[in-house]
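Notes follow the structure.
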Amino acid sequence: MKIITLVKVVPKEIEFDKESKRIKRSKENIINPSDLIAIGNAVELKNKYGFEIDAVSMAPVEAKDTLLKLFDFGIDRIFLLTDPAFANSDVFATSNVLSRFILNFDNDFNFIFTGNYSSDGLTGLLPGEVASKLSILYISNVLSVNYLDGSLLAEKIEKDSLHLLKVLSKAVVSFSDRSDKKALPNLYYIFDENEKHLEIITNETLKLSQDEIGKIGSKTVVNELFEVETVQSNELIKENGDKIIVDIVSKEVLK
Amino acid sequence: MKALVVYKTELPDIDYLKGIFTDIKVANIDGNANGDFLPSKPLETSIQGVEFLSKIKNILDFDVIIFSNEILPKEIASYFASNNNLASISHVSGIEVKDNLSFIVYSWKNLGLKIASKTKPTVIIANLKPFSGDYPNGDKEIIEVKDESDIEFVRTKEINFTSEIKSKITIGVGLGVSKELLNSIFELADKISAKVVCTRPVADLGYFPYDRIVGDTGSTLHTDIYIALGISGAQQHLNSVQAEKIIAVNKDPSAPIFSKAQIKINEKVEDILPGVIEWAKSF
């Protein structure tokens with residue numbers, strides 16, 4: 001029994017450089033916080049029912065050190081899909097890479113878990129696109145999961161309702177931030193002496209054509225980056241801000 | 001140009017779209033509201049959604065298929081786009097028409113993007129305000145949809161999670177607030193009966209639970225006074241702030257929140273907070 005977790009490595013900080021009009025990403029990377037929630041839920045099923053957990057990530061090769069930390073959380077195998085040809089892929093091209101790997105090399109999974117959003121893009125589109133390419137169910141905004149008699153039980157939040165779903169087939173499940181099962185490093189896994197591998201997979205293995213990946217394989221083009229309108233400096237209050245806040249808030253409090 | 005709008009309960013602003021598209025059709029996935037295309041039963045999964053949409057005659061002739069920013073429509077949007085090799089763009093706050101269509105997406109802090117599509121139609125998830133009028137009955141074409149065989153709905157219950165936060169006074173915490181100030185902020189909030197919310201990056205750092213996020217990926221805030229501390233003012237946060245008055249405190253004079261705030265205080269949060277707390281202690 002296997003769960004694949006889709007993991008994104010994201011920059012710790014992102015800034016927009018006004019002069020070069022380019023996005024500056026910090027050198028320090030982290031695991032996408034929403035994906036840690038998916039991993040937390042996967043590890044709970046591993047501990048209860050013995051699932052194996054694979055982590056699959058498409059990222060530059062520099063992400064390797066960040067991904068290696070996932071072994072401490074309870075991940076069994078890590079696959080880093082990396083190739084210069086994957087650079088500048090939008091969500092469509094990225095889902096081509098992930099789904100090709102899963103279909104050809106890791107297809108004996110039961111479920112795919114991932115976060116609802118990545119903190120650097122927030123598009124939330126990737127899980128559905130991967131599910132579509134694998135022709136399996138997609139369920140988003142899941143609060144918690146359990147496993148019973150070969151089926152996944154998933155609690156899905158939709159507006160002010162909580163649906164309990166019994167999932168009878170393979171599925172991509174993306175988790176709500178409201179789930180309280182964020183993965184943490186675990187001493188048991190940190191000191192686990194079983195040999196663990198991070199495997200690097202390039203396009204030599206995946207054999208995707210140029211029109212499926214990268215800029216050419218993408219379906220969208222960013223034509224322009226622009227700055228949101230800001231105010232003139234003379235409109236700004238430069239001192240006594242505390243007194244102004246007190247004046248406004250005290251009137252409201254005394255109402 | 002032609003657009004198809006797909007929604008569950010929150011129809012995006014049709015009046016805005018009429019300024020761009022000459023022909024607009026509407027599909028309601030619950031099947032119980034006005035629309036031109038309705039499923040034979042309320043849709044429950046993305047696969048049913050793709051089946052429903054694929055049975056709409058000439059659906060690929062639309063220039064844009066616009067999905068509301070709701071859970072199931074978003075699921076269907078990504079699944080349908082990938083299934084049909086179409087471009088998909090989320091968080092679209094505006095559409096610009098020049099030679100081609102550009103989709104405007106607001107990103108971190110003061111960054112905006114104009115994104116073009118290589119496909120027709122383009123699938124977008126729109127962050128437009130809800131349509132306030134009644135959409136006309138339309139043709140109400142009923143489209144037969146099969147039951148989903150791979151999923152069983154065991155039960156549904158109402159939950160206390162609310163997608164709306166209401167408070168007379170609210171303090172918002174952004175990345176411009178250091179961790180050391182958080183206790184003081186909660187102390188202040190307690191004294192003035194304010195709620196404390198945050199932006200998504202602050203929750204990602206683990207300083208706040210995720211249910212305190214206000215923004216496109218969190219809750220909507222309704223408040224009289226919003227004291228935004230160290231919040232840059234990304235559109236994805238401000239879209240969900242409904243405040244009579246915004247007091248913004250930020251040391252960065254170019255922070256976009258100043259263009260939305262009525263009171264624009266260009267000081268460090270740590271410089272103004274002690275004075276406000278001192279006053280609040282008198283309560």
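In what follows, chains carry the letters A, B, and so on, assigned in the order in which the sequence lines appear, proteins first and then strands, with residues in each chain numbered from 1.
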Audit row: A/Lys159, B/Glu164, salt bridge (Lys or Arg N to Asp or Glu O under 4.0 Å) steps and yes/no: CA-CA 10 Å; A/Lys159 251 190 156 181; B/Glu164 293 189 345; over 6 Å; no
Part of [X] within contact of chain A (heavy atom distance under 4.5 Å):
{"X": "B/Glu148", "result": "side chain"}
{"X": "B/Leu72", "result": "both"}
{"X": "B/Val249", "result": "side chain"}
{"X": "B/Asn266", "result": "both"}
{"X": "B/Gln262", "result": "neither"}
{"X": "B/Ser149", "result": "backbone"}
{"X": "B/Ile225", "result": "side chain"}
{"X": "B/Lys260", "result": "neither"}

Are side-chain heavy atoms of [X] and [Y] found at a separation under 4.5 Å?
{"X": "B/Ile47", "Y": "A/Leu137", "answer": "yes"}
{"X": "A/Ser179", "Y": "B/Tyr210", "answer": "no"}
{"X": "B/Lys157", "Y": "A/His163", "answer": "no"}
{"X": "A/Ile245", "Y": "B/Ile265", "answer": "yes"}
{"X": "B/Trp279", "Y": "A/Val249", "answer": "yes"}
{"X": "B/Lys245", "Y": "A/Ile248", "answer": "yes"}
{"X": "B/Asn85", "Y": "A/Phe92", "answer": "yes"}
{"X": "B/Ile104", "Y": "A/Phe226", "answer": "yes"}

Please classify the contact of [X] with chain B as side chain, backbone, both or neither, using a heavy-atom distance under 4.5 Å.
{"X": "A/Asp180", "answer": "neither"}
{"X": "A/Lys170", "answer": "neither"}
{"X": "A/Asn223", "answer": "both"}

Salt-bridge present (B/Glu44, A/Lys156; N to O < 4.0 Å): no
Pairing of B/Arg200 and A/Asp177 as salt bridge, 4.0 angstrom limit: yes
Would you name the heavy atoms of [X] and [Y] that are closest together and state the gap between them?
{"X": "A/Tyr138", "Y": "B/Glu75", "answer": "O-OE1, 3.2 Å"}
{"X": "A/Thr220", "Y": "B/Ser88", "answer": "CG2-O, 4.1 Å"}
{"X": "A/Leu168", "Y": "B/Glu152", "answer": "CD1-OE2, 3.8 Å"}

A/Asn234 atom CG, over 12 foreign heavy atoms within 6.0 Å: yes
Of B/Ile272, B/Leu273, B/Asp271, the residue whose pairing with A/Asp242 passes side chain to side chain contact (heavy atoms under 4.5 Å, CB included): B/Ile272
Interface residues of residues 144-152 of chain A facing chain B - heavy atom cut-off under 4.5 Å: none
Verdict with reasoning, A/Glu129 to B/Ser78, per side chain to side chain donor-acceptor pair (under 3.5 Å): CA-CA 5 Å; A/Glu129 298 226 359; B/Ser78 56; over 6 Å; no
